[in-house]
Number of protein chains: 2
Amino acid sequence: MKVTLKTIAEEAGLSITTVSRALAGYGDVNEDTRRRIVAIAQRLGYQPNLAARHLRSKQTRTIGMVIPLTSYFSDPFFMELLSGVGRQAAEYGYDLLLSAQQPGEEELSAYRRMVASSRIDGVVLARVLADDPRIAFLKEARHPFVAFGRSNANDYPYIDVDGATGVYRLVEHLVARGHRRIAIILSPRTLAFTTARFEGYQRALNEAGIALAGQYIVESDLTQEGGRMAAQRLLDLPSPPTAIVACNDAMAIGTMQAIRACGRVVGRDVAVAGFDDIPTAAFTDPPLTTVRQPIYDIGRRALDMLVCVIRQEPLDEAHVLLVPELIVRQSSGAPPSR
Amino acid sequence: MKVTLKTIAEEAGLSITTVSRALAGYGDVNEDTRRRIVAIAQRLGYQPNLAARHLRSKQTRTIGMVIPLTSYFSDPFFMELLSGVGRQAAEYGYDLLLSAQQPGEEELSAYRRMVASSRIDGVVLARVLADDPRIAFLKEARHPFVAFGRSNANDYPYIDVDGATGVYRLVEHLVARGHRRIAIILSPRTLAFTTARFEGYQRALNEAGIALAGQYIVESDLTQEGGRMAAQRLLDLPSPPTAIVACNDAMAIGTMQAIRACGRVVGRDVAVAGFDDIPTAAFTDPPLTTVRQPIYDIGRRALDMLVCVIRQEPLDEAHVLLVPELIVRQSSGAPPSR
DNA sequence: GTTGACACCCAAAACGTTTTGGATTATCGT
DNA sequence: ACGATAATCCAAAACGTTTTGGGTGTCAAC
């Protein structure tokens, strides 16, 4: 019932070796027999047993990704990245092995399992930490991987968005609209990109001749609810900011909720801007000004790079840095929509 | 360098068999030796080679899903389903193997590959067709699977949302708001759930004493752009509808664009309703009235069922039918927001 | 002293593939 | 006619695990 090389070999009156080599397209098998073998394989609906193949040949044509469980559902970021990676993986004939895990220890051990049990040929890693144990592990294990994001020790292939420039343009834009009291809701310091985004904020304020004010710098956890609470604190200040930049769109949406909750109008009383340009951003009320990270394309390019690494081909660019695009919508202070 | 059972066996001065059985927790190995073996395994960082294990034991602890490539990116539906399935899979210690494929032949052959190459223990299948070759194949192959959706021949385990009731409530709600000219933008007829949703539409109109009008029934492709174009046609009618029900939220959002494009106001001039309650639905302008499909939970429950099927345990319910919840927001004709 | 019963351990086969290192013919130049 | 070369084919090993079907030693009971 199960059709293996052996079945075909018997059917064709040939050896398993020959069948194997014929199907693999080696040159040392007669073209006629090859065709005959292929025909039989087709007829019997032969599919190679991948476990056996992997066991023998030590490659799996599978890419691994670990998705943090907490943000799994709520986070459009991973979904979009996954789409890009998955799409491109399909292009190369690779499959995608997902493992949803609690961040932290759990997550690291998921990588450990995937790598050591040789289930995957490579890893795409996202949302890198400033000091990332997962990267340390993969480097140590000499296992192919590509990261979305730079960390402190960045001697590995990565693709990243220039967050500093992104936030810089955002703040520049707000300054041009006349804002002086501009607050920022940062992502957790442990994340590698936080530093860059904060840098952009500092640089823009500096060039505009605005002093950095500690009270306008808060930190939250990238969720909508976290953004709402952080914004609340900012709005309760004796001299509240007139513009709030959030380090991602989810927190920006939370910020908009907080603003509405205290009876003020987003875009008129307080400007709001985010980062990412998730699909929802275009449909908030008012639509959200943000910085577009082409996450989907990043996923695809990350996979391109990963495949190179796996094949041990030289990478034309081991460090890709994309300049994000400023997307101005109504939340940053256009006259009330329509 | 690679640590296998053999490495441990040598280290411990025991046979591979004993090491294997010790780690698997069989009773026929001395508790002391077992502990010693476990300690060594730990120390050397042993991870079983899954390819070998699968080759031998014919089970992979992996669930397969095929995602249609076209709707992959744009479609929040699959992302959310994936989240639920992935989450619950992690709970059971299963991994998730994704394959992004063109719908149609390609997709079917992806299933064929996955199944025949014995990479997966089971399949979660979504968006079933009225007459679904994938289901036919999986039944034929006697491979464990659970579907999200019923089809014509539904003698297989599935979980589904009662689309008829969902649309019925939607239309009922619109009728209560005084609408009489209610149009519907259907999903493609090939999809199994289209029939049910249309049925709900018919029933509701019937009970309200409204005659079915062919001109108010159009069909589109579940995308935002498709919805926009379909709505355009409806709005160009000599006697255009005052309310439009779309079979999913994406098309509803397209509908809202079309309405705005011809200078009318959503919720005042024309009511709009969708189906799914995707995350974006709450943030459109105005927020979208829709029917909530708990896709995430459906994913989790589908996986629960699948695990039962894989383990050959009896299912307490082989056919789960959820009644969806009506979510009334401003797009269906509330007074202009705020 | 023999016999079971029991606890503990192991050799070898099997899973289905790829790869290595020839073996067997046929063909050909001389 | 004879070695050489090329064209085909194949047996056997290897990958790392689980499982089968014992084997060995100890100990109590007779």
Side-chain angles (χ1 to χ4, degrees), chain A residues 1-38 40-41 44-62 93 95 112-121, chain B residues 1-38 40-41 44-62 112-121:
Chain A
M1 47 145 295
K2 186 120 229 154
V3 30
T4 72
L5 287 182
K6 195 171 163 202
T7 325
I8 301 177
E10 279 164 4
E11 183 82 9
L14 291 166
S15 76
I16 291 178
T17 308
T18 305
V19 174
S20 171
R21 298 185 73 82
L23 293 176
Y26 278 75
D28 66 349
V29 25
N30 187 291
E31 186 53 26
D32 284 348
T33 35
R34 202 189 66 78
R35 266 201 284 272
R36 196 159 58 89
I37 287 171
V38 170
I40 296 177
L44 301 184
Y46 169 72
Q47 292 288 349
N49 178 310
L50 293 182
R53 173 176 287 181
H54 299 161
L55 177 57
R56 181 56 230 226
S57 61
K58 269 116 177 39
Q59 56 142 328
T60 61
R61 294 196 79 77
T62 303
D95 284 319
R112 219 183 280 282
R113 253 199 342 269
M114 277 190 176
V115 169
S117 61
S118 44
R119 288 196 82 175
I120 52 173
D121 292 348
Chain B
M1 45 146 291
K2 186 122 227 153
V3 30
T4 72
L5 286 183
K6 195 169 161 202
T7 325
I8 301 178
E10 280 164 5
E11 183 83 9
L14 291 165
S15 76
I16 291 179
T17 308
T18 305
V19 175
S20 172
R21 297 185 73 83
L23 292 175
Y26 278 74
D28 66 350
V29 24
N30 187 292
E31 186 52 27
D32 284 348
T33 33
R34 202 189 66 78
R35 265 202 284 273
R36 196 158 59 88
I37 287 171
V38 169
I40 295 177
L44 301 184
Y46 169 73
Q47 292 289 348
N49 179 311
L50 294 182
R53 174 176 286 180
H54 298 161
L55 176 58
R56 183 54 231 225
S57 60
K58 269 117 176 41
Q59 55 142 327
T60 62
R61 294 196 81 77
T62 304
R112 219 182 280 281
R113 251 198 344 266
M114 276 189 176
V115 169
S117 61
S118 44
R119 287 196 83 175
I120 52 174
D121 293 347

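Here is the naming used below: chain letters follow the sequence lines, and residue numbers restart at 1 for every chain.
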Mind checking what makes side chain to side chain contact (heavy atoms under 4.5 Å, CB included) contact with [X], not counting sequence neighbours?
X     : result
A:K2  : A:T4, B:S118
B:R56 : none
B:E10 : B:K6
B:I40 : B:I8, B:E11, B:A12, B:R43, B:L44

Examine [N]: is either OP1 or OP2 under 4.0 Å from a nitrogen or oxygen in the side chain of [X]? Give yes or no.
X     : N      : value
A:T33 : D:dC9  : yes
B:T18 : C:dC10 : yes
B:T4  : D:dG16 : no

Point to revise | Listed partners of B:R113 passing salt bridge (charged side-chain N to carboxylate O under 4.0 Å, His left out), at least two apart | key: none
Point to revise | Non-neighbouring partners of A:R35 that pass salt bridge (charged side-chain N to carboxylate O under 4.0 Å, His left out), sequence neighbours left out | key: A:E31, A:D32
Exercise for review: Quickly work out the A:R36 CZ to D:dC9 P distance and round it to whole Å.
Suggested key: 9 Å
Practice item. Please report, rounded to the nearest Å, how far the C1' atom of C:dC6 is from the CG atom of B:N30. Key: 13 Å
Study note, to complete from the structure: Regarding the side chain of A:Y46, the nearest nucleotide among C:dT17, C:dG16, D:dT17 is C:dT17
Just the table, please: protein N/O against nucleotides 23-25 of chain C N/O, every pair under 3.5 Å.
none

Check your understanding: Base, backbone or nothing for each nucleotide of nucleotides 19-25 of chain D, written B, S, -, heavy atoms under 4.0 angstrom, 5' to 3'?
Key -> BB-----
Revision key, fill the gap. Sorted by number, residues from residues 7-14 of chain B placing a heavy atom under 4.0 Å from DNA chain D are none
What pairs of donor and acceptor atoms, side-chain ones from residues 14-29 of chain A against any protein atom, are under 3.5 angstrom apart with sequence neighbours left out?
unit_1	atom_1	unit_2	atom_2	d
A:S15	OG	A:T17	N	3.4
A:S15	OG	A:T18	N	3.1
A:S15	OG	A:T18	OG1	3.0
A:R21	NE	A:D28	OD1	3.2
A:R21	NE	A:D28	OD2	3.1

Review point. With sequence neighbours excluded, what pairs up with B:T33 under the side chain to side chain donor-acceptor pair (under 3.5 Å) test?
Key: none
**Study point:** Angle of first-five versus last-five pair axes in the helix from C:dG1-D:dC30 to C:dT30-D:dA1, to 10 degrees
**Key:** 60°
